[in-house]
Amino acid sequence: MAELSLTGIAKSFEDTRVLEGISFDVHDAEFVSILGPSGSGKSTIFNLIGGLYQPDEGDIKLDGESIAGKRGSISYMPQSPSLFPWRTLLDNVMLGSEIVGQQDREASLQMIEKAGLGGYENAYPHQLSGGMKQRAAFIRSLLSPQPLICLDEPFSALDEFTRLEMQKWLLSLWSEYKRSVLFVTHNIEEALFLSDRVMVLSDRPARVKKEFKIPFERPRDESLLLTEEFLEWKKAIYNELRMIT
Amino acid sequence: MAELSLTGIAKSFEDTRVLEGISFDVHDAEFVSILGPSGSGKSTIFNLIGGLYQPDEGDIKLDGESIAGKRGSISYMPQSPSLFPWRTLLDNVMLGSEIVGQQDREASLQMIEKAGLGGYENAYPHQLSGGMKQRAAFIRSLLSPQPLICLDEPFSALDEFTRLEMQKWLLSLWSEYKRSVLFVTHNIEEALFLSDRVMVLSDRPARVKKEFKIPFERPRDESLLLTEEFLEWKKAIYNELRMIT
Amino acid sequence: SSDEQTNSQNGDASKELKDITLVLDWTPNTNHTGLYVAQEQGYFEEQGLDVEIIMPSETGSNQLVASGKADFGISYQESLTKARIQDIPVVSIAAIIQHNTSGFASPKNRNITSPKDFEGKTYGGWGDPVEKEMISTLMKKDGGDINKVDIINMGNTDFFTATERGDIDFAWVYYGWTGVEAELRGKDLNMIYLTDYSKKLDYYTPILTANEKKIKEDPETVKAFVKAVSQGYQYAIDQPEKAADILIEAVPDLDPELVKASQKWLSPKYQDDADQWGVQKKSVWKNYADWMHENDLLDQELNAEDAFTNEFLPNKE
Amino acid sequence: MRNIVQKGWRPLLVIILLFVIWEVATRVFEIPAWLIPSPSQVVDEGISGWSVYEHHLYSTILLTLIGFIIGTSFGILVAICLHLIPTVRNMFYPLIIFSQNIPIIVLAPLLVIWFGFGMLPKLIVITLVCFFPIAVSTLDGLRQTSTELMHYMKMAGASNGQIFWKLEWPHALPSLFSGLKISATYSVMGAVISEWLGAKEGIGVYMTLASSSFRTDRVFVSIFVIMALSLTFFLLITALEKWFIRWKSKGVENSG
Amino acid sequence: MRNIVQKGWRPLLVIILLFVIWEVATRVFEIPAWLIPSPSQVVDEGISGWSVYEHHLYSTILLTLIGFIIGTSFGILVAICLHLIPTVRNMFYPLIIFSQNIPIIVLAPLLVIWFGFGMLPKLIVITLVCFFPIAVSTLDGLRQTSTELMHYMKMAGASNGQIFWKLEWPHALPSLFSGLKISATYSVMGAVISEWLGAKEGIGVYMTLASSSFRTDRVFVSIFVIMALSLTFFLLITALEKWFIRWKSKGVENSG
Ligand SMILES: Nc1ncnc2c1ncn2[C@@H]1O[C@H](COP(=O)(O)OP(=O)(O)OP(=O)(O)O)[C@@H](O)[C@H]1O
Ligand SMILES: Nc1ncnc2c1ncn2[C@@H]1O[C@H](COP(=O)(O)OP(=O)(O)OP(=O)(O)O)[C@@H](O)[C@H]1O
Ligand SMILES: [Mg+2]
Ligand SMILES: [Mg+2]
C-alpha cells in the first residue's frame with residue numbers, strides 16, 4: 001500500500017518562492033509523471049517528499065500519515081547519479097536495500113545483468129560512462145523495498161534504445177510488484193508511455209498547471225508509440241507545455 | 001579554421017577494447033553529431049580529442065597538426081556539468097575563457113540571461129537545478145574561444161522547450177561565428193535538426209557504423225521537425241541504431 | 001653485565017627486601033658514585049633495601065620526594081631552601097660533598113683570574129636571578145662592577161661549545177665534571193671558586209633528601225638507607241678507581257675516561273675536612289639562606305634548623 | 001558573533017564545572033599549593049602577578065607570530081613546489097617526512113651550538129614545529145581534487161599553473177586550514193621550547209624560574225597563559241577559515 | 001614495492017649527497033667531533049654501540065606503540081562522538097581545542113609528581129601528543145562529506161549510524177590518515193619526552209646520558225634512531241592508507 005497525497009505545498013529558497021500551492025495524489029499502484037520546465041521545482045518536490053526539506057506550507061501524507069520532514073519512506077533515484085566513489089558498482093547498487101537491511105546479492109547481480117551492466121560489477125563509478133552510472137542509480141532505487149518509488153529523470157542520459165529497454169523493464173516490474181511510482185521527466189513520450197496520469201507544472205513559482213489522465217490500456221507495448229492516439233496526446237501535452245514557457 | 005580528422009583510433013581500458021579503428025573528419029565550420037548506444041565510447045572519443053588520454057593506435061589531427069595527447073585545443077562541455085562548487089554561476093561560466101585569458105564579463109552576463117539563468121549569477125552550483133547546471137556548463141563551453149567545440153550531451157537534462165530554445169540559440173551562434181562543432185547526443189531528432197552529418201557508432205568495441213549526410217537547408221526552423229522528410233530521416237537512423245542494439 | 005651482578009646478589013632474598021625509589025638530581029655522574037657502589041656492592045641489600053635509581057624530570061627531585069612518589073632524592077642546598085620556603089616538606093639528611101666545588105670557569109685565553117676581570121666579559125647562564133647576585137657578590141668583594149658584565153641565557157648549552165663559539169667568556173660549572181672534562185680535552189681553564197671569596201657561599205651541593213613524613217614515621221628505613229649510602233661513599237673515598245669502575249659498569253652510557261678522571265679528583269672532596277661523611281652544619285644552611293634573603297632571592301627567612309638533620313648518619317665507631 | 005554567544009554557554013558551563021570540582025577537591029583533600037594549587041590561587045597570582053609576566057608575554061607573542069608566519073609560509077610553499085614539480089616531489093617528499101622525524105627538542109640545543117643565541121635558532125625551532133602539519137595537510141589537500149573537475153581543467157587546456165590556482169588551491173583550502181589550526185597551536189609551544197634554549201624574556205623563561213622556585217601557582221599561570229594564547233590563535237585561524245571558505249558555510253546552511 | 005625501488009633512488013641520492021657534503025665539511029674545516037661529529041663517526045658509533053642502545057630502542061618502541069594506539073583510538077573515538085552527538089560537540093569541541101593548547105612539556109613534570117614513575121604519566125603524555133592531530137583531522141574529514149551523497153543517504157532514510165558508517169566514515173578516511181601520519185611521527189617524540197620524565201630505559205634516557213657525557217656522536221646516533229623509528233612508523237601508516245583507500249589509487253592510475 002502506498003497512497004501519497006500532497007496538499008497545498010509551498011516552498012521558498014531565500015525569498016524566491018519555488019513551489020506554490022502544490023496539491024496532488026498518487027494512488028496505490030499508480031504511475032504518475034511530472035512534467036515541467038527546467039528549474040521549475042520538480043526535484044524540490046522530491047526532496048520534500050523524501051523529507052530532506054520541510055515544506056513552508058502544506059502537508060505531505062503517505063497512507064494517511066504525515067511524512068513532511070520524515071525520511072526513508074520512499075525509494076529514491078536522484079537526478080545526478082550520486083554513486084559512492086569508493087564502492088564498486090555492485091556495492092553501490094545494493095546500498096539502498098542495505099540501508100533498509102535487506103540485501104539480496106543474487107537479485108542485485110541479476111538486475112545489473114538486465115540493465116546491460118554485466119561484467120562491470122566490480123568497476124568503480126569513475127570507470128563507468130554517464131549512462132551506465134545513471135542505470136546503476138536506477139537499479140539502486142529499484143532494489144530499495146519501499147512501496148513508493150520516486151525517480152528523478154532516470155533515463156535522461158540514455159540512448160533511445162537502452163531507454164526503451166529500461167522503460168519496458170520498469171513497466172514490467174511495476175505491473176508485477178504494484179509499487180506506486182512518481183516519475184520526473186522532460187520527455188513527453190516517456191511520460192505518456194509509462195504513466196496513468198501526467199501532471200504538468202507551471203514555471204516558477206510552480207503550481208500544478210494541468211493534469212492528464214492517460215487512457216491507454218495496459219500492458220503497453222512499443223507499438224503504442226506509433227499510434228495516432230498517442231501522437232494526439234503528445235500534441236495536447238506539448239501545447240500545454242508550450243503555453244507555460 | 002578548424003579541421004579535425006581522426007584516423008584509425010583505438011583505445012582500451014584494462015584489456016577491454018572500447019574504440020576500434022575510428023576514423024572521421026570534421027570540416028571547417030561543420031556541425032557533426034555522434035550517435036551511439038550508452039557505454040559505446042562517445043565520451044571516450046571526446047577525451048581523446050581533448051588530449052586527456054593518448055590513443056592506443058591512430059592519430060588525431062587538428063588543422064593538419066597532431067593533437068593526440070595535446071590539451072587545450074578544443075572548447076569542451078563534459079557530460080556531467082563539472083561546475084566548481086566554490087565558484088558562483090558567473091565565475092563558473094567564465095572559467096573556460098579565463099583559462100585562455102580572454103574574460104568578457106559583459107558577454108558572460110548576456111549569455112546567462114539568454115540561457116534563462118538571469119538572477120542566478122551569484123548562486124553557487126548546489127543552489128541550481130540539474131538543468132540549470134547543465135546550461136551553465138553549456139555557456140561555459142560557448143564562452144571558450146577555441147574554433148572547435150565538443151559538446152557531450154549538452155541538453156539531456158532539459159525539458160523539450162528549453163532544449164529547443166538552446167538548440168536554436170546554438171545554431172544561430174554557430175552560423176554567426178562559424179565554429180566547428182562535434183556533438184554527442186542520444187536524441188535522433190536533435191542530431192538531425194542540428195547537424196550537417198550524423199555518425200552512428202556501433203556497440204563495444206565502437207566503430208563508425210554509418211555516416212549520414214543531412215541535406216536540410218539552413219537556416220533551419222522549428223517547422224522542419226514536422227516535415228515528412230524529417231520523419232523519414234529519423235526512421236532511417238532509428239533503424240540503423242536498432243540494428244546495433 | 002650489571003644485570004648479572006644485581007641478579008646474583010639479590011638472588012632469592014629479594015622477597016623480604018623493602019622497595020625504595022631514589023631520584024637523582026641530574027644524569028648519573030661521579031656525585032652519585034657512592035649510591036651506585038652501595039647498590040652494586042650489596043650495601044643496600046644488607047640493610048634490607050631494594051633500591052631503584054631513577055633519573056629526574058625537569059623539575060628535579062624535591063617535589064617527587066615531598067609527594068612520596070620517591071622515597072629519597074638528590075638535591076642541592078639552594079633548591080631545597082627555596083622548596084622549604086614554599087612549604088615543601090623535604091629535609092636534607094646528608095651532604096654528599098662537604099664543600100662547594102662549583103665556580104666560574106673560563107678558558108685561559110680569556111684572562112679571567114679574579115672576579116674583577118668579569119668586567120667587559122659575557123657570562124652564560126640558565127636565566128636564574130641567583131646567578132647575577134652571585135657574580136655581583138663576588139665582584140663587590142673584588143671591587144668590580146656587575147653592570148659591566150653581559151649576562152645571557154644559554155639554556156642547556158654546554159660550556160665548551162659556548163666558549164668555543166665565542167658566545168660567552170665564562171660560566172658557572174662544577175669542576176668535578178666540566179673542569180675534569182676540560183683537563184681530558186687538554187683545555188686550560190681558569191677557575192674562580194665561590195668558596196675562595198665568601199664563606200657564606202659555601203653551600204652543600206649535592207645533598208641527600210627525604211620527606212618529613214618519612215623521617216617521622218619510618219626512621220629505621222631512613223637510617224638503614226643513609227648507612228648503606230655512607231658505606232658506599234666511604235668505599236668511593238677509599239678506592240676511587242674501583243668505585244669509578246662500578247659506576248661505569250652500572251651506567252655504561254657514560255664516558256669511562258671522564259668518569260675515571262672525575263672520580264680521582266672528587267673522591268677526596270666527599271668528606272674533606274669533616275669528621276665523617278655527610279655531616280652538615282647549621283651555619284652553612286643559615287649563611288646561604290641569609291645571603292639569598294639579603295639579595296631578594298628569598299621572600300622569607302629560612303628556619304635553618306628544620307632544613308637538615310644529622311641524626312641518621314651512622315654512629316662513628 | 002551571536003553564534004559564539006549562543007553556543008558558548010555549554011562549554012563554558014563544562015569548564016566552570018571543572019574549575020569548581022578542582023577548587024572543592026583541593027580544599028576538601030587539603031592538597032598543598034606546591035602540589036596542585038587551587039584555581040582561586042592561580043587566578044589570584046595571574047592577576048596580581050600580571051606586571052611580573054607582562055613583558056614575558058609580549059615577547060612570546062612576538063616570537064610566536066614571526067615563527068608561525070615563517071614556518072607556515074615555508075610549509076605551504078614547499079607543499080606547492082613539491083606538488084607542482086613531480087621531480088622535486090620524488091626527490092624531496094621523503095625528506096620532508098624525514099624533517100618531521102627530527103626530534104626538535106633533541107635538536108634544539110644543537111641548533112644553539114651551531115647558530116648562537118640570537119633569533120635564528122629559535123625561529124628554526126618554531127619553523128620546524130609548524131612546518132610539518134601544514135606541509136602534509138596542504139599536500140594531501142592538493143592531491144585529493146575531484147577527478148571530474150580535474151578532467152575538465154585538463155581538457156580545457158588549463159596550464160599547470162591554472163589547474164593549480166583555479167582548482168587545486170581552492171580545493172586544498174579546507175585541508176590547508178586544518179593544518180594551519182594544528183600549526184597555530186603548536187607554534188606557541190614551539191616558541192616556549194625555543195625560549196628554553198636561552199632567552200632573556202618570554203613565558204618559557206618565566207615558567208622555568210617559577211618552576212625552579214617551586215611556585216607551582218606560577219607554573220599554572222604560565223600553563224593557562226600558553227593555553228589562552230594558542231586558543232586565541234586557533235580562533236583567529238578559524239575565523240579566517242570561515243571567511244575564505246564561505247561558499248561551504250553557505251552550502252551547509254541551505255542543506256538544513 | 002617496485003614503485004618504491006623505482007622512485008627511491010632520487011631521495012636516496014639527495015640524502016647521500018647531504019652526507020657527503022657533511023663528511024667533507026667536517027674534515028676540511030676540522031670541526032671537532034664534540035661540536036659536530038662526521039657522519040662516519042656517527043655511523044661507527046651507531047654500529048659498534050648497538051649493544052649499548054639496543055634495549056633502549058626496544059623500550060621506546062614498545063612505549064610508542066602502546067601510546068600511539070591508545071592516543072589515536074581515543075582521538076578517533078572522541079572525534080566520532082563529537083560528530084555524531086551535536087550536544088556533546090557543542091559542549092566539548094572547544095575543550096578539545098583547549099586540550100591541545102595544554103603545553104605538554106610544561107605539564108609533563110607535574111604529571112610525574114602527581115602520578116609517579118609508572119606507565120601512566122608517560123601514556124598520558126603520548127596520548128595528549130597524538131590526540132589532537134587525529135581528532136581534528138577526523139572531525140574535519142567527517143564534516144566535509146559531499147552534499148550530493150549526503151542528500152541521497154538522507155532521502156533513502158539512512159539512520160545516523162548508517163550515514164556515518166557508509167558515507168561519512170569512508171569519506172573521512174583520507175583525512176583520518178593525514179592525521180594518523182602526523183600522530184605517528186609525533187608519538188615517537190612523545191615517547192622520548194615521556195622518557196625524560198624519569199625512566200630507566202629508552203632512547204630518551206640514552207640521549208640524556210650521551211649529552212651529559214659530552215658524547216655528541218651518541219646524541220646524533222639517538223637523533224638518527226628516533227628519525228628512523230618515526231619514519232618506519234610513518235611508512236607503515238602510508239602502506240595502511242594505500243590499502244584502505246585503494247579505490248582512490250585505482251582512480252589515479254586510470255586517469256593517466
Ligand atoms: N577511466 C576508465 N577506466 C575504465 N573504463 C572506462 C574508463 N572510462 C570509460 N571506460 C569504459 O569505456 C566505455 C565507454 O565509456 P564512455 O564514457 O566513452 O561511453 P559513452 O558512449 O559516453 O556512454 P554514455 O552515453 O552512457 O555516456 C564504458 O564501457 C566504460 O566503462
Ligand atoms: N538548496 C537550494 N538553495 C537555493 N535554491 C535552490 C536550492 N535547491 C533548488 N533551488 C532552486 O529551486 C528551483 C527549483 O529547483 P529544482 O532542482 O527543483 O528544479 P527542477 O524542476 O528539478 O529542474 P531541472 O529539470 O532543471 O532539474 C531552482 O530555481 C533552484 O535554483
Ligand atoms: Mg531536477
Ligand atoms: Mg558519455
Side-chain angles (χ1 to χ4, degrees), chain D residues 7-8 10-15 35-36 87 90-95 97-98 100-107 109-110 113-114 132-133 136-137 140 144 147 150-151 174-175 177-178 181-182 185-186 188-189 192-193 207 211 216 219 222-223 226-231 234-235 248 251-252 255, chain E residues 7-8 10-15 35-36 87 90-95 97-98 100-107 109-110 113-114 132-133 136-137 140 144 147 150-151 174-175 177-178 181-182 185-186 188-189 192-193 207 211 216 219 222-223 226-231 234-235 248 251-252 255:
Chain D
K7 285 188 184 167
R10 281 161 193 274
L12 216 70
L13 205 82
V14 177
I15 292 177
L35 192 58
I36 307 175
T87 330
N90 290 341
M91 266 159 77
F92 287 98
Y93 185 63
L95 295 186
I97 297 165
F98 251 74
Q100 180 49 19
N101 298 326
I102 299 172
I104 292 158
I105 312 178
V106 179
L107 192 74
L110 290 174
I113 297 179
W114 300 333
F132 187 67
V136 166
S137 313
D140 282 351
Q144 284 164 15
T147 348
M150 182 56 100
H151 281 191
S175 198
F177 271 103
S178 239
K181 278 186 244 170
I182 297 178
T185 337
Y186 287 171
V188 179
M189 202 55 244
V192 172
I193 294 176
M207 213 202 57
S211 152
T216 315
V219 174
S222 44
I223 289 181
I226 293 171
M227 284 176 74
L229 205 59
S230 41
L231 195 70
F234 185 96
L235 290 178
K248 209 145 205 171
V252 171
S255 76
Chain E
K7 284 188 185 168
R10 283 160 194 276
L12 217 70
L13 206 83
V14 177
I15 292 177
L35 188 58
I36 307 176
T87 329
N90 290 343
M91 266 159 78
F92 286 99
Y93 187 65
L95 294 186
I97 298 164
F98 251 74
Q100 181 48 19
N101 297 329
I102 298 172
I104 293 157
I105 313 178
V106 179
L107 193 73
L110 290 176
I113 296 176
W114 300 334
F132 187 66
V136 166
S137 311
D140 281 352
Q144 284 163 15
T147 347
M150 182 56 101
H151 280 192
S175 199
F177 271 103
S178 242
K181 279 187 243 170
I182 297 178
T185 340
Y186 286 171
V188 179
M189 203 54 244
V192 172
I193 294 177
M207 214 200 56
S211 155
T216 316
V219 174
S222 45
I223 290 181
I226 293 171
M227 284 176 75
L229 205 60
S230 43
L231 195 69
F234 186 96
L235 290 179
K248 209 146 204 171
V252 172
S255 76

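Just so it is clear, the structure is predicted and the values come from calculations on it, not from any experiment.
- Contacts with chain E were tallied for D:Ile226, D:Thr87, D:Val136; D:Ile226 has the most, counting heavy-atom pairs under 4.5 Å.
- The part of D:Val14 that comes within reach of chain E is its side chain, from C-beta onward, which places non-hydrogen atoms under 4.5 angstrom from that chain.
- Side-chain atoms of E:Ile113 and D:Thr216, non-hydrogen and from C-beta on, never get closer than 4.5 Å to each other.
- Contact record, E:Pro133 with D:Ile182: CA-CD1, 3.9 Å, taken as the closest heavy-atom pair.
- Heavy-atom distances place no part of D:Phe177 under 4.5 Å from chain E, backbone and side chain included.
- Here the shortest heavy-atom pairing between E:Phe132 and D:Thr185 reads CE2-OG1, 3.8 Å.
- With a threshold of 4.5 angstrom between heavy atoms, D:Ile193 approaches chain E through side-chain atoms but not through N, CA, C or O.
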